[in-house]
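One structure is given below, encoded as structure tokens.
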Amino acid sequence: MTDAAIVANGLTRRFGDLVAVNDVDLEIAHGQIYGFLGPNGSGKTTLIRMLCGLLTPSAGTARALDFQLPEQAEPLRRRIGYMTQKFSLFDDLSCKENLNFLARIYGLDNSQRQMRITTLLNQFNLEPLSSRQAGAMSGGQRQRLALAAATLHEPELLFLDEPTSAVDPQNRRDFWETLFDLSEAGTTLLVSTHYMDEAERCHQLAILDNGNLKTQGVPADLMGALKGRVIDVQGDGLRAVRQQLMTSNEVLSAAQQGDRLRVLLKKPVQDIGVFKQWLPGDQTLHCEPAKATLEDVFVETTQADETPC
Ligand SMILES: Nc1ncnc2c1ncn2[C@@H]1O[C@H](COP(=O)(O)OP(=O)(O)OP(=O)(O)O)[C@@H](O)[C@H]1O
Ligand SMILES: [Mg+2]
């Protein structure tokens, strides 16, 4: 077995004229949590489905756990777990019945089934809910059940497509602690998300836009690469300041956050005095360099080619 759990080269998927995923190269190391971040329709789900062997690429090659795709999709399927973007368990079965049903599909015998389900109900804090119908569970409880179901057969590779979309911050934190437990035990996880805090937790992150993989790397490195390009402005009349800044060729975006304006520049400035020249005449504004966040990276990556509006 090689070091990489997933390798893709030139992976492409077209739907008619639409290129949903365009020429994507990817390498994901064993045991890592690898994130996909990208606007709606950027190709995250399509890419995941190709890497699971559920969707045939229009071009390019992919290998997951040393299975060549799409040819070896069938044997791969037994070794992976896939938590889909939409809840895909049975609403009218109880929590335990859903797990039982899936365990039979995975071919676990009676005693394996009982043991594994008891472990999972415990691990995902679902014991008190074991006889509740899935349809009557809260969003966060359903996500926990879906993750338990995806890990039933102890897969080496786990695909999670926006797993926490209906989950409150505390439950999201707990959910991510579980993901790190799985990662430490050797599972490779590929997680798509719209949440910056989740993306920041990943070992590695890829940002997709319009089907293209625009950037990838360690989240801290991606943020570090924007050094000198984020400036906080405080003072009066921030709406007018913003309007003025957005006409400047130097500015990629300006977004108000409470009593501050967060400005992302196209190029780094070493001297804040240079930046101040782009502001309206009023020099009472307080400007200071700020640390880039992942949201800045996201904006930079997905808006770099667009004209400010
Ligand atoms: N089966 C399909 N037939 C036609 N077009 C499709 C199909 N599946 C996806 N698409 C299109 O491909 C593009 C990428 O879709 P995809 O679902 O991969 O995006 P996504 O990044 O997962 O979006 P979201 O964040 O909203 O889940 C979209 O324009 C979508 O409409
Ligand atoms: Mg999606």
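Index from 1, following the sequence. Atoms considered below: every heavy atom in the structure, side chains included; atoms not considered: hydrogens, waters and symmetry mates. Read the numbers this way: they start at 1 and go in the same order the structure lists the ligands and their atoms.
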>> Per the side chain to side chain donor-acceptor pair (under 3.5 Å) rule, what does the pair list look like for residues 9-25, sequence neighbours excluded?
In response: Asn22-Asn212
> Can you pull the ring-ring contact (aromatic ring centres under 6.0 Å, His included) pairs that have at least one residue in residues 146-182, sequence neighbours excluded?
Replying inline: Tyr106-His153, Phe180-His203
> Distance only, no hydrogens: is a donor on one side chain within 3.5 Å (strictly under) of an acceptor on the other, for Gln216 and Tyr34?
Replying inline: yes
>> Whether Arg262 and Asp296 form a salt bridge (side-chain N of Lys/Arg under 4.0 Å from carboxylate O of Asp/Glu) is what I want to check.
In response: yes
> Applying the side chain to side chain contact (heavy atoms under 4.5 Å, CB included) test to Leu160, which of Thr193, Leu190, Leu179 qualifies?
Replying inline: Leu179
> With distance as the sole criterion, is a donor-acceptor pair present between the side chains of Gln85 and Thr45 under 3.5 Å?
Replying inline: yes
>> With a 4.0 Å cut-off on N to O distance, would you call Glu74 and Arg77 a salt bridge?
In response: yes
>> Listing by chain and number, which protein N, O or S atoms are under 2.8 Å from the Mg ion (ligand 2)?
In response: Thr45 OG1, Gln85 OE1
> What are the two closest non-hydrogen atoms of Gln143 and Met83, and how far apart are they?
Replying inline: O-CE, 3.6 Å
>> Would a single hydrophobic cluster contain both Ile6 and Val218, if residues Ile, Leu, Val, Met, Phe, Trp and Tyr are joined by side-chain heavy-atom contacts under 4.5 Å?
In response: no
> So which protein residues pack against ligand 1 under 4.0 Å, heavy atoms counted?
Replying inline: Phe15, Leu18, Ala20, Pro39, Asn40, Gly41, Ser42, Gly43, Lys44, Thr45, Thr46, Gln85, Glu162, His194
